[in-house]
Asker: 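Quick one: structure below, then a few questions.
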Amino acid sequence: MLALSTSCRYFLYGNPTDMRFGINSLSGLVRNELGSDPMNGDVFIFIGKRSNQVRLLQWDRDGFALYIKKLEQGTFERPRLNGNAISSVQLTLLLQGIRLESVRYRKRYDPLKRR
């Protein structure tokens with residue numbers, strides 16, 4: 001079962017994806033286009049050409065898990081990112097249909113940005 005958490009890394013494939021692709025084709029995109037190992041436990045996100053479908057691919061200890069969300073109405077936002085990493089919060093907002101550009105985060109402590 002997929003649980004979105006900050007302990008996992010999420011990567012968005014930037015190009016529109018053919019939603020007929022299954023596990024083997026999507027893992028091939030991860031290996032050949034993103035240059036990552038699809039079996040490392042990270043979650044890889046693919047948005048369809050019409051932006052009404054999202055597929056999440058993750059290696060789950062003993063096999064691949066493929067999660068699909070297809071909208072009956074509307075589209076998913078294709079976020080503008082530096083690179084292809086996306087946070088669990090951004091993925092949650094994307095799946096809920098919230099515009100990522102309109103979200104404003106309040107200041108929080110970040111141990112990585114210590115002075």
Side-chain angles (χ1 to χ4, degrees):
M1 180 170 177
L2 179 70
L4 302 179
S5 71
T6 57
S7 64
C8 195
R9 297 185 317 169
Y10 303 90
F11 297 98
L12 176 68
Y13 181 68
N15 298 326
T17 307
D18 186 340
M19 288 293 107
R20 296 175 292 182
F21 281 7
I23 290 171
N24 294 330
S25 298
L26 294 175
S27 63
L29 286 177
V30 170
R31 189 174 306 280
N32 299 326
E33 301 290 326
L34 294 178
S36 292
D37 180 10
M39 297 171 69
N40 64 8
D42 295 335
V43 176
F44 299 95
I45 305 143
F46 303 90
I47 300 176
K49 292 178 183 177
R50 292 186 277 167
S51 297
N52 69 339
Q53 192 172 149
V54 168
R55 290 187 178 215
L56 307 175
L57 179 70
Q58 182 182 34
W59 178 260
D60 188 18
R61 293 188 205 139
D62 57 356
F64 282 107
L66 181 64
Y67 303 93
I68 302 170
K69 182 170 183 178
K70 184 175 182 180
L71 297 176
E72 290 296 320
Q73 221 175 22
T75 58
F76 290 105
E77 177 183 1
R78 192 174 300 279
R80 295 182 201 128
L81 303 170
N82 296 331
N84 55 4
I86 187 171
S87 72
S88 61
V89 173
Q90 290 172 315
L91 178 56
T92 301
L93 295 173
L94 183 138
L95 292 173
Q96 292 176 351
I98 298 170
R99 288 192 59 193
L100 298 178
E101 290 181 3
S102 66
V103 173
R104 292 182 24 203
Y105 295 97
R106 297 191 57 87
K107 185 177 179 180
R108 295 286 186 259
Y109 172 73
D110 186 356
L112 301 176
K113 294 183 180 179
R114 292 182 6 190
R115 294 182 194 197

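Just so you know, these numbers come straight off a predicted model, no measurement behind them.
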Asker: Would you give the length of the straight line joining atom CZ of Phe64 to atom CG of Leu26, rounded to the nearest 0.5 angstrom?
Answerer: 9.5 Å
Asker: Among Leu56, Leu29, Leu34, whose side chain to side chain contact (heavy atoms under 4.5 Å, CB included) with Phe44 holds?
Answerer: Leu34
Asker: State which residues pass side chain to side chain donor-acceptor pair (under 3.5 Å) with Thr92; sequence neighbours excluded, sorted by chain then number.
Answerer: none
Asker: So, taking the atom named CG in Leu91 and the one named CG in Leu93, what distance separates them when rounded to the nearest 0.5 Å?
Answerer: 9.0 Å
Asker: Report yes if some heavy atom in the side chain of Leu71 is under 4.5 Å from a heavy atom in the side chain of Phe76; otherwise report no.
Answerer: yes
Asker: Using the rule that two of Ile, Leu, Val, Met, Phe, Trp, Tyr join whenever any of their side-chain heavy atoms come within less than 4.5 Å, decide whether Ile23 and Tyr67 are in one cluster.
Answerer: no
Asker: Would you please name every residue forming a side chain to side chain donor-acceptor pair (under 3.5 Å) with Arg31, sequence neighbours left out?
Answerer: none
Asker: Got a sec, which pairs hit salt bridge (Lys or Arg N to Asp or Glu O under 4.0 Å) with one end in residues 63-88, sequence neighbours left out?
Answerer: Arg80-Glu101
Asker: Looking at Asp42, is its backbone amide N or carbonyl O close enough to the side chain of Gln58 to form a donor-acceptor pair, meaning the two atoms are under 3.5 Å apart?
Answerer: no
Asker: Same cluster or not: are Tyr13 and Val54 linked, directly or through other Ile, Leu, Val, Met, Phe, Trp or Tyr residues, by side-chain heavy atoms under 4.5 angstrom apart?
Answerer: no
Asker: Within this structure, what is the CZ-CG distance for the pair Phe11 and Asn84, rounded to the nearest 0.5 Å?
Answerer: 6.0 Å
Asker: So, do Tyr10 and Ser88 sit near enough that their side-chain heavy atoms are less than 4.5 Å apart?
Answerer: yes
Asker: Residues two or more places apart in sequence or in another chain: which of them pass side chain to side chain donor-acceptor pair (under 3.5 Å) with Arg61?
Answerer: none
Asker: Can you see which heavy atom on Val43 is nearest to which on Cys8, and at what distance?
Answerer: CG2-SG, 3.8 Å
Asker: State which residues pass side chain to side chain contact (heavy atoms under 4.5 Å, CB included) with Ser25; sequence neighbours excluded, sorted by chain then number.
Answerer: Phe21
Asker: Rounded to the nearest 0.5 Å, what separates atom CG in Leu94 from atom CD1 in Ile86?
Answerer: 5.5 Å
Asker: Rounded at 0.5 Å granularity, tell me how far CG in Leu12 sits from CD in Gln90.
Answerer: 9.5 Å
Asker: Yes or no on side chain to side chain contact (heavy atoms under 4.5 Å, CB included) for Met19 and Ile68, after CA distance, side-chain angles and deciding distance?
Answerer: CA-CA 10 Å; Met19 288 293 107; Ile68 302 170; over 6 Å; no
Asker: Under 3.5 Å, sequence neighbours excluded: what are the donor-acceptor pairs made by side chains of residues 45-53?
Answerer:
{"from": "Gln53", "atom 1": "OE1", "to": "Arg55", "atom 2": "NE", "distance (Å)": "3.2"}
{"from": "Gln53", "atom 1": "OE1", "to": "Arg55", "atom 2": "NH2", "distance (Å)": "3.3"}

